[in-house]
Amino acid sequence: MRIVLVGPPGAGKGTQAGRIVDRFGGVHIATGEILRSNAERGTELGRTASRYMDRGDLVPDEVMIDMVLERMGEGDCAGGFVLDGFPRTVPQAEALERRLEELGCPLDAVVSFEIDEDELRDRLAGRAEEQDRAEDDDEGAIRRRLKLFGDETKPLLDFYDDRGLLVRIEAKGDLDEVTGRIAAALAERGGRAGAA
Ligand code: ADP
């Protein structure tokens, strides 16, 4: 299946993406991880991205679109994918839509992770301790990421709802329960699309 995950930082997209790939196959493309790995290796992309990520800003659309379309051009995406962290803006979604149209392989579903802000702040604080993610440890950067989610990423929900692709999932609660909700919704859609 070809799936996009949309949700605020801390909503659990990364964890659930791994589980979706285990059940439904395909590759997990996590843009935040690709950027962090580039930053660690000191590549040009990594250096550019760090300037934005450290402040909690979005990396510019052109940079992200080039990076993801290149990644999707590697053959393994033909067997399906779970996009985690992209698109995050309407121009990114439009670029993805154009490319998938050219390839003749449209998205099967867009899963929206629905969760309230208080829960997110607690989770991000916990994650900063567990993993070494500086941008989760900075109040200002967290506030900025949550605001950007509302301003830039939320409009994607209407974009995908208009296309009949949007599935809303309650992202609060036990990890297994959330996985169960997503799997049930995807199985239903996969069944309808004949491409589980
Ligand atoms: P989270 O979802 O918790 O914010 P990610 O690991 O997905 O974490 O992303 C970390 C950072 O990488 C973002 O805050 C942003 O700076 C950058 N980033 C990742 N994906 C994108 C994207 N599609 N567009 C712009 N910036 C992005």
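Just follow the structure's listing: the first ligand is 1, and inside any ligand the first atom is 1.
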inquiry  = Could you work out, for atom 24 (N) of ligand 1, the closest of Gln92, Met67, Arg55, Arg123 by heavy-atom distance?
reply    = Gln92
remark   = One finds that the ligand 1 atoms under 4.0 Å from a non-hydrogen atom of Lys13 are 2 (O)
Ligand 1 atoms in contact with Gly85 (distance to a heavy atom under 4.0 Å) = 20 (N), 21 (C), 22 (C), 23 (N)
request  = Mind checking the CD-OG1 spacing from Gln92 to Thr89? Nearest 0.5 Å is all I need.
outcome  = 3.5 Å
note = Note: ligand 1 atoms sitting under 4.0 Å from heavy atoms of Leu35 are 12 (O), 17 (C), 18 (N), 19 (C)
key: Heavy-atom proximity to atom 2 (O) of ligand 1, best of Arg145, Arg36, Arg88   = Arg88
query = Going by an N to O cut-off under 4.0 Å, is there a salt bridge joining Arg98 and Glu102?
reply = no
Sequence neighbours excluded, every pair satisfying side-chain hydrogen bond (donor to acceptor under 3.5 Å, both in side chains) that has a member inside residues 149-159 = Lys147-Asp151
message = Taking side-chain hydrogen bond (donor to acceptor under 3.5 Å, both in side chains) as the definition, give me every residue that meets it alongside Asp174, ordered by chain and number, with sequence neighbours left out.
response = none
Note: Glu177-Arg181 ion pair, threshold 4.0 Å (strictly below) = yes
query = Once you round to the nearest 0.5 Å, how far does CD1 of Ile115 lie from CZ of Arg123?
reply = 3.5 Å
Location of contacts on Met64 toward ligand 1, heavy atoms closer than 4.0 Å = side chain
message = Using a 4.0 Å cut-off to any heavy atom of Asp57, which atoms of ligand 1 qualify?
response = 15 (C), 16 (O)
